[in-house]
Q: 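This structure is in structure tokens; I'll ask about it shortly.
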Amino acid sequence: MTTFRAPKGTEDILPPDSDWWRRAYRVFDDLCEQFGYGMTLLPLFEDTDVFARGVGGDTEVVEKQMYTFTDKGGRSVTLRPEATASMVRALIQSGGVQTRFKGAFWGPMFRYERPQKGRNRQFYQGDIEYIGTSSPEADVEVIEFGWRYLQRMGLTDVELRLNSIGDAEDRADYRREIQAFLHERFDALSPDAQRRIDSNPMRVLDSKADRDVVADAPVPVDHLGEEAGEHFADVRTGLDNLDIPYVIDARLVRGLDYYNRTVWEYVPRTYDAAQSSVGGGGRYDGLFEILGGKPTPGVGLALGIDRIGLALGAHEATPALDGFIIAARDGDRSAARKLTSELRSAGLRVDMTDRPRPVKAQFKEADRSGAAAAIVVGEEWDAGMVSVKQLETGEQQEVAVEEIEAWLRS
RNA sequence: GUGGCCGUAGCUCAGCUCGGUGAGAGCGCCUGGUUGUGGUCCAGGAGGUCGCGGGUUCGAAUCCCGUCGGCCACCCCA
């Protein structure tokens, strides 16, 4: 027996479940227009090195979650695990960013992991990037964007966790300090943490397995240089100014190596799952150089759409048609079909059954479709009339054919 | 990659411990309850290789082994 199913870690999203996704995208798109972020369409896969170098060789994402293939030309390509490196590559390719660039993007990402709640191998992100400015106002705007998005989607009880991990230069001293701290407690550390002392000690702060050990470890936010410190203060002032609440999480470091200074995450308080973060972002002033471009600062965020949906719980389907056309007699079907066509051309949302069925069954379909009204084409059609019934109230009346459109709109 | 739980109608599941009367329920779906009226009610109906393979047995959805798949957690992150 060869029955196929969606590959492990992927999901088919069909109506009516996809109604929510349509809304999720529309809200995102509206917000992008309001904030002035242009749309970008990027490849689903890139040269493997874009991510290996961009994201960082010592991250989990690159170490073991890459969907990497060799194509027929012998090139190593990787299904994108995240958007920022890809976006930066595209901007470098197009000649770099002269003044500033605000780009948005929506689509699937791929990470090879063992699936669980809120973690699929193919998952969806909405992303915005504000590039070409090191102003803290940009950080604030991007953080605000994510906050507004969650609010509009109905996730109102969200904790915004904020931190600054400083600049690369600031981290030299800090690095020695945390390494010393970790070496003293070497035996208590998890194998992963032990391995990272030399390669990327800051990441240990983020490790659940080592939570107790690092509870009183030195944190980057206490080792900010003058500029990074001012920047962070300005970001906080900016958020206060917009009345966006946040908490400082000194051990928040994020999983991608390109971040510097500001990093943040959105965590719904009402959502209990291991994968609780529904979005996050950070500043990445060094990424352009890593990928071979001119030094260009940038800040961006990713929203985990799947997780936002999970955090919201069951959402009511809202199919909603303006009208459902019913052909009373089989001979009325062509007239009904024509009317359906005309009303659709006029911009209304209408549907009808796929074949002759008892009127009762057609009404049942009309009801299930979520239509506001049922429009009966039958004997009255011969006199230029149709019967229209408001399905919620049950009220019914006859209306002249040429007035249906106006009636449906009222 | 490691661990736990689970795979029976389209969906949610009961039955499995103590193998054996014709494989079930609810929801959904279809038809009907008189001429062209839904969401309630009533009646009838369609729909199942009991994940797959092997073993034990006179006999297995029920016991054993294997395998595939799903969910959740660890890890990590969106």
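Scope of the values below: all heavy atoms of this structure, side chains included, with no hydrogens, waters or symmetry mates. Just so we're on the same page: letters track the sequence lines, and every chain starts at 1.
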Q: Side chain of A:R203, heavy atoms from C-beta onward: which of B:A78, B:C77, B:G36 has the nearest atom to it?
A: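 Within the option list, the nearest is B:C77.
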Q: I'd like the P distance from B:A9 over to B:U62, given in whole Å.
A: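 Per the computed distance, 14 Å lies between those P atoms.
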Q: On the six-membered ring of A:Y112, is A:R121 placed so that its NZ or CZ lies under 6.0 angstrom from the centre and within 45° of the ring axis?
A: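 Output yes; distance and angle both within limits.
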Q: State whether A:R333 places a side-chain N or O below 4.0 Å from either non-bridging phosphate oxygen (OP1 or OP2) of B:G36.
A: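 So the side chain of A:R333 is outside the cut-off, no N or O lying under 4.0 Å from OP1 or OP2 of B:G36.
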Q: Taking the six-membered ring of A:Y25 as reference, does the cationic atom of A:R22 (NZ for Lys, CZ for Arg) lie under 6.0 Å from its centre and within 45° of its axis?
A: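 Geometry flag: not set, cation outside 6.0 Å or 45°.
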Q: Quick check for you: among B:U2, B:U37, B:G70, whose closest atom lies nearest to any side-chain atom of A:R114?
A: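 Selected nucleotide: B:U2.
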Q: Has A:K364 got a side-chain N or O lying under 4.0 Å from the OP1 or OP2 atom of B:U37?
A: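 No, no such contact exists.
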Q: Measure the CZ-NE2 distance between A:R236 and A:H231 for me, rounded to the nearest 0.5 Å.
A: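 Taking CZ in A:R236 and NE2 in A:H231, the distance rounds to 12.5 Å.
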Q: Taking the P atom in each of B:G51 and B:U34, what is the distance between them to the nearest angstrom?
A: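 44 Å, rounded to whole Å.
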Q: Taking only the side-chain heavy atoms of A:D367 (C-beta and beyond), determine which of B:G36, B:G39, B:C76 contains the nearest atom.
A: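 So the nucleotide nearest the side chain must be B:G39.
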Q: The side chain of A:K360 lies closest to which of these nucleotides: B:G36, B:U37, B:U31?
A: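 Nearest nucleotide to the side chain: B:U37.
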Q: For atom P, what is the distance between B:A25 and B:C63, given to the nearest Å?
A: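 It comes out at 23 Å once rounded to the nearest Å.
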Q: Does a nitrogen or oxygen in the side chain of A:S190 sit under 4.0 Å from OP1 or OP2 of B:C75?
A: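 No, no such contact exists.
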Q: Looking at A:D351 and A:R344, is there a salt bridge between them, counting it only when a charged N and a carboxylate O are closer than 4.0 Å?
A: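 Yes, charged N to carboxylate O under 4.0 Å.
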Q: Which is true for A:G280 with a 4.0 Å heavy-atom rule: it touches a base, it touches only sugar-phosphate, or it touches nothing?
A: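 Sugar-phosphate, backbone atoms only, no base.
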Q: Which nucleotide sits closest to the side chain of A:Q116: B:G38, B:C75, B:C76?
A: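 Nearest to the side-chain atoms of A:Q116, counting from C-beta on, is B:C75.
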Q: For nucleotides B:C16 and B:C64, find the distance between their P atoms and express it as a whole number of Å.
A: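 That atom pair is separated by 14 Å.
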Q: Taking the side chain of A:R368 as heavy atoms from C-beta outward, which of B:C30, B:G36, B:C77 is closest to it?
A: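 Nearest to the side-chain atoms of A:R368, counting from C-beta on, is B:C30.
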